[in-house]
Amino acid sequence: MADNRILKLVDSSYKECEVTGRDMGGDDLYEIPVANLKLGYIDWAQSKRPNHNVNVIEIGEDYITLSITNVSRSVNGPYTLRVGEKKSYSYYFGEWSYGYTISVEEGDKER
């Protein structure tokens, strides 16, 4: 049976510009099929690199264990996620607010 799970990372950053008062940063979405994962740090297919590095520790039939290195180079986790589960974390580093939400979702049955 094909593995149709998708690992999703919402990578967030925010800061108000002192000069213009405009919001800077935002949310970026990164996705990768679990079938394409290998142990170690994920090389996302998207052209932009996230602020948070995801390290895959173990891939099981119904779970993924991973850790996340944040902007300050601290490591969060390990987290074990199954389909429908997610972990979120937010923090400040310098003048910026950062955060992430990592989740595993069921993909299309045709994958």
Flag if over 12 foreign heavy atoms under 6.0 Å of CD, E61: no
Heavy-atom closest pair, residues Y63 and R5: N-NH1, 3.3 Å
With sequence neighbours excluded, residues passing side chain to side chain contact (heavy atoms under 4.5 Å, CB included) with R73: N53, T69
Minimum side-chain heavy-atom gap D27-D11 below 4.5 Å: no
Minimum heavy-atom distance E16-G21, with the two atoms named: CG-O, 3.5 Å
Same apolar cluster (I L V M F W Y, side chains within < 4.5 Å links), Y41/L7: no
Criterion side chain to side chain contact (heavy atoms under 4.5 Å, CB included) against P50, the qualifying member of L9, L29, I42: L9
From OG (S90) to CG (N70), nearest 0.5 Å: 11.0 Å
Y89 and Y100 aromatic ring geometry - parallel, tilted or perpendicular at 30°/60° bounds: tilted
Sequence-distant partners of D23, side chain to side chain donor-acceptor pair (under 3.5 Å), two or more places apart: Y14
Residue Y91 excluded, over 12 heavy atoms near OH under 6.0 Å: yes
Which atom of T101 lies closest to which atom of S88, heavy atoms considered: OG1-OG, 2.8 Å
T80 side, atom OG1; E58 side, atom CD - distance, nearest 0.5 Å: 7.5 Å
For S97 against Y92, the heavy-atom pair lying closest together: CB-CE2, 3.7 Å
Side chain to side chain contact (heavy atoms under 4.5 Å, CB included) partners for S67, two or more places apart: N55, I57, V75
Salt bridge (Lys or Arg N to Asp or Glu O under 4.0 Å) partners of residues 77-98, not counting sequence neighbours, each pair once: K15-E95, D62-R82
N36: partners by side chain to side chain contact (heavy atoms under 4.5 Å, CB included), with sequence neighbours left out: I32, P33
Cluster link Y79 to V56, ILVMFWY, side chain under 4.5 Å: yes
Between CZ on residue R22 and OG1 on residue T20, distance to nearest 0.5 Å: 4.5 Å
I68 with L39, same ILVMFWY side-chain cluster at under 4.5 Å: yes
V83 versus E105, closest heavy-atom pair with distance: CG1-C, 4.3 Å
Exercise: identify the closest heavy-atom pair between C17 and M24: CB-SD, 4.0 Å
Sequence-distant partners of K48, side chain to side chain contact (heavy atoms under 4.5 Å, CB included), two or more places apart: D28, Y30
Value rounded to 0.5 Å, distance of OG in S13 from CH2 in W96: 5.0 Å
Inter-residue atom distance L37.CG - D43.CG, 0.5 Å rounding: 11.5 Å
